[in-house]
Amino acid sequence: MSTRGVIGTGVAIWALALSLSVRAHPGPAIAAAAPHPVAKTRPAVPPASVAPKPAERAKTEPIPPSNADCLACHGDGSAVRADGRPVVVKPEAFEHSVHGPLSCVDCHQDLAKGIEFPHPEKLAKVDCSTCHPDSVAKYKEGVHARERAKGSIEAARCVDCHGMHDIKPKSDPESRTYHLNIAATCTKCHGDADVIRKGGIPSDVTKLFADSIHGLALSKSGLVVAPTCSDCHSAHDVRRRDDPNSHVSKMHVPATCGRCHEGISNQFNAGAHGMALAKGNTGAPTCQTCHTAHGIQRAETASWQLSVIGQCGTCHLDRIATFRDTFHGQVTNLGFRTVASCADCHGAHEMLPASDPRSPISKARLVATCGKCHPNASENFVKYDPHADKHRRAGNPVLYFTARFMTILLAGVFGFFGLHTTMWFMKELHVRRARRRRAGEPVAVHGARSGEGTDGRDR
Amino acid sequence: MAETAERETEAADVQPRPAAAAVQVRHVRRFDRADRYLHFLMMCSFLGLAATGLPLLFSEAPWAKAWAHALGGFEFGGTVHRILAVTLIGVFVTHVGRLLHRVIVKKDYSIFWGPSSMVPQPRDIADLFGHFKWFVGAGPRPIFDRFTYWEKFDYWAVFWGMAIIGGSGLMLWFPEQFARVLPGWLFNIALLVHGEEALLAVGFIFTIHFFNGHIRPEKFPMDMVIFTGSLPEAELRHERPAEHERLRRTGGLDRLNAGPPSHRALVVGRFVGTSAVIVGLTLVVLIMYAFLTR
């Protein structure tokens with residue numbers, strides 16, 4: 001039997017004794033009303049030091065107050081603070097909470113040692129780690145605890161997410177930490193402009209998430225398999241994305257997303273972007289570079305597919321510029337998705353250079369790739385360069401010189417005729433003014449139409 | 001013969017206005033009916049081609065997206081562009097066919113040289129310099145003949161433009177078929193010249209041609225000759241003294257006497273011409289805007 005098992009047995013004995021003592025006491029038997037899974041579900045604690053053997057305790061220590069004792073004052077709000085605010089624990093809520101089988105003093109341990117009643121207003125802080133050491137240890141590493149340690153009063157504590165006396169197991173649809181409720185629980189603070197400002201939270205992402213494919217899958221489709229905040233950020237070990245150990249740090253994002261999108265993360269890791277990232281190139285894109293972190297949209301929508309072209313263009317500047325010179329680039333720029341965008345030729349996740357024979361843009365596969373849209377594409381057809389750069393002489397000299405010729409032609413024609421037209425205009429204005437002065441009255445130019453006025457040579 | 005019949009038809013159309021009836025001004029025919037219809041078709045298709053093509057060429061301009069969607073989307077715009085392209089190619093082929101007919105059937109070789117020819121001749125260079133001299137007040141206005149040097153430039157610009165834009169457009173329309181015989185990189189060239197030539201044509205027609213024909217003080221608001229087919233004799237004498245003199249000598253003034261254009265022809269011509277100018281200038285403004293916000 002392991003140490004854990006020994007302790008567990010101790011707890012079971014202790015809890016049994018406790019429930020018997022409650023039963024013996026007058027008043028409502030709250031703890032005893034519930035069955036007794038406590039020892040099984042929380043085997044580790046309370047520590048042996050605070051769990052004396054019942055016989056021993058009966059002799060040496062005062063009997064701690066029962067739940068009924070506590071609720072006698074706190075159950076109906078008759079217990080008030082110095083300033084008059086009541087300190088209420090709703091008996092019903094506590095009874096139905098996951099901690100219902102426990103007694104008040106299991107958490108409020110400083111009241112277990114025969115204290116005078118009414119007890120002082122300030123009690124010791126409840127230490128959840130007594131029973132939940134792993135979760136609390138993770139929490140201590142996270143951004144919430146660190147901000148608390150720095151003096152923040154906004155950063156979440158255990159009770160901010162889990163509640164206080166009414167905590168339900170996360171499997172209970174009423175629980176704050178039930179899968180479909182987590183987003184709302186986090187939004188309480190992360191969607192609150194006041195908390196965002198005071199807490200130094202970079203931005204409000206809750207609305208983005210709510211409208212995202214993940215958010216809608218939760219709220220609209222009710223999918224418990226859809227990810228919520230804690231699936232990417234973890235429940236307790238929530239860290240900033242610039243923390244290398246964060247689940248959402250650049251290096252960890254593919255693995256985090258890959259927990260659900262395993263097939264995609266395999267493709268990504270095999271591609272140029274994934275390999276660059278694996279080599280430690282932090283300039284390489286990860287999932288959220290293209291898909292965004294919170295406002296992730298359905299990849300099938302035209303609007304998203306069009307917007308991602310710009311995403312590719314943030315790194316591949318020369319490629320986006322030459323793409324926009326082509327029909328593909330122009331039509332997509334106008335907001336129509338019927339023509340090829342980046343991923344149609346290059347693939348979406350397993351991006352590979354043209355030199356790799358597996359790449360859809362490799363020489364061997366080009367006819368098939370172009371053939372997806374142009375069914376009769378031939379070897380000749382795929383000699384078209386979808387990223388031809390008219391400014392680079394080396395790449396396509398004929399295109400380069402044609403572009404130069406066209407520029408000179410346009411500049412020449414517009415330059416010459418611009419001058420010609422301007423001079424002609426000035427001259428005709430001058431002639432008209434001179435004629436008007438001679439005639440001493442305005443002369444209609446259309447006089448010419450009825451056969452008078454403008455005949456003769458103008459000088 | 002055809003011209004006579006046409007004149008008679010138009011004479012019947014005349015709704016004599018008091019002034020026109022009182023002073024019968026002799027009008028001289030300059031363009032026959034087919035020329036005017038071809039110009040009308042070319043004008044409409046060209047405007048439509050420009051309107052449906054420019055959003056692609058300036059796809060990054062702030063107006064392009066709204067414009068393309070307002071035109072009914074990229075597929076519909078593309079269909080309209082192709083229908084108009086076929087129309088314009090039809091105009092081009094008809095024009096060339098008419099020229100061939102003149103040469104082969106009528107044995108009329110005047111299109112190759114002389115005053116009725118569009119071929120640039122030494123006289124045009126002299127006229128060009130003479131015109132510049134007149135602009136700066138250093139000489140008389142050149143004595144222009146039937147077709148001036150800037151009209152010849154217009155003509156050849158359109159002729160060359162139709163061949164280049166039409167040819168490259170067909171390549172881009174049927175890339176897979178053309179790729180059977182042409183290397184793929186030619187499509188890069190086709191795409192480039194289709195857009196650049198179009199920009200040249202649109203820019204030239206909607207500024208220089210509009211100015212020459214409609215906006216300069218002597219012509220403002222509109223030169224009606226391309227819509228009515230004829231112009232007053234005095235205007236001919238003023239603008240093209242050489243042609244007037246030749247017609248006078250050879251009896252052409254009587255042969256080509258058209259009478260004043262009908263009221264209906266003037267109204268229709270003004271409406272069509274004004275609409276075209278408004279559409280064209282709007283497109284020019286959009287192009288300018290695109291360049292400035294680039």
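Numbers restart at 1 for each chain; the letters A, B, ... are given by sequence-line order, proteins then strands.
- Taking all atoms of both residues into account, the shortest heavy-atom contact from A/Thr326 to B/Leu191 is CA-CD2, 3.5 Å.
- A/Glu428 contributes a side-chain N or O that, together with a main-chain N or O of B/Glu218, makes up a donor-acceptor pair within less than 3.5 Å.
- With chain A as partner, the option from B/Ala157, B/Ala68, B/Ala66 having the largest number of non-hydrogen pairs under 4.5 angstrom is B/Ala68.
- Residue with the most contacts toward chain B among A/Asn396, A/Leu399, A/Val339, A/Thr332: A/Leu399 (heavy-atom pairs, distance under 4.5 Å).
- Remark: B/Phe129 CZ is loosely packed, at most 12 non-hydrogen atoms of other residues, nucleotides or ligands lying under 6.0 Å away.
- B/Leu128 touches chain A through its side chain: at least one heavy atom from C-beta onward sits under 4.5 Å away, while N, CA, C and O do not.
- Here A/Phe425 contributes atom CZ and B/Asn212 contributes atom CG; the two are 12.5 Å apart, rounded to the nearest 0.5 Å.
- Smallest separation of non-hydrogen atoms from B/Pro175 and A/Phe381: CB-CE1, 3.6 Å.
- For chain A, the nearby part of B/Leu192 is the side chain; its heavy atoms alone come within less than 4.5 Å.
- Heavy-atom distances place both the backbone and the side chain of A/Phe417 under 4.5 Å from chain B.
- B/Trp150 and A/His420 have tilted rings, their planes meeting at an angle from 30° to 60° on a 0 to 90° scale.
- A donor-acceptor pair under 3.5 Å is absent between the side-chain atoms of B/Asn188 and the main chain of A/Ala388, judged by distance alone.
- Side-chain contact check for A/Asp385 versus B/Trp185: every heavy-atom pair is 4.5 Å or farther apart.
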Might you work through the side-chain contact (heavy atoms from CB on, under 4.5 Å) test for B/Phe204 and A/Val413, ending with a clear yes or no?
CA-CA 8 Å; B/Phe204 190 84; A/Val413 168; 3.6 Å; yes
Audit row: B/Phe135, A/His430, ring pair (Phe, Tyr, Trp, His ring centres under 6.0 Å) steps and yes/no:
CA-CA 10 Å; B/Phe135 291 160; A/His430 177 77; over 10 Å; no
Determine whether A/Thr338 and B/Phe74 satisfy the following criterion, side-chain contact (heavy atoms from CB on, under 4.5 Å), listing intermediate values before the conclusion.
CA-CA 9 Å; A/Thr338 4; B/Phe74 137 77; 3.2 Å; yes
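- Closest approach of A/Asn380 to B/Pro183, counting heavy atoms only: OD1-CA, 3.6 Å.
- A/Phe414 and B/Gly203 get closest at one heavy-atom pair: CE2-C, 3.4 Å.
- Using modelled atom types, one finds no donor on one side chain facing an acceptor on the other under 3.5 Å when comparing A/Ser378 with B/Glu176.
- To the nearest 0.5 Å, atom OG1 of residue A/Thr421 and atom CZ of residue B/Arg216 are 10.0 Å apart.
- For CZ of B/Phe76, the number of neighbouring non-hydrogen atoms (other residues, nucleotides, ligands) closer than 6.0 Å is 12 at most.
- Counting heavy-atom pairs closer than 4.5 Å to chain A, the top-ranked of the candidates B/Val181, B/Leu56, B/Leu172, B/Leu182 is B/Leu56.
- Summarising the geometry, atom OG belonging to B/Ser59 is positioned 11.0 Å from atom CZ belonging to A/Phe327; distances are rounded to the nearest 0.5 Å.
- Closest approach of A/Leu334 and B/Pro55 over heavy atoms only: CD2-O, 3.6 Å.
- Remark: side-chain polar atoms of A/Lys427 are paired, donor with acceptor, to backbone N or O of B/Trp134 under 3.5 angstrom.
- Of all the listed residues (B/Phe187, B/Phe178, B/Phe58, B/Phe153), the one sharing the greatest number of non-hydrogen pairs under 4.5 Å with chain A is B/Phe153.
- The candidate with the highest count of non-hydrogen atom pairs below 4.5 Å against chain A, out of B/Arg180, B/Glu233, B/Glu197, B/Gln177, is B/Glu197.
- Residues A/Trp424 and B/Phe132 form no side-chain contact, since every pair of their non-hydrogen atoms from C-beta on lies 4.5 Å or further apart.
- The contact list for residues 363-377 of chain A toward chain B, using heavy atoms and a distance under 4.5 Å, reads A/His374, A/Pro375, A/Asn376, A/Ala377 by residue number.
- Among A/Lys383, A/Lys390, A/Met426, the residue making the largest number of heavy-atom pairs under 4.5 Å with chain B is A/Lys383.
- When heavy atoms are compared at a cutoff of 4.5 Å, A/Val331 approaches chain B by way of both its backbone and its side chain.
- The minimum heavy-atom distance linking B/Leu57 with A/Gln330 is given by the pair CA-NE2, 4.2 Å.
- With a 4.5 Å cut-off on non-hydrogen atoms, B/Glu60 touches chain A through its backbone and its side chain both.
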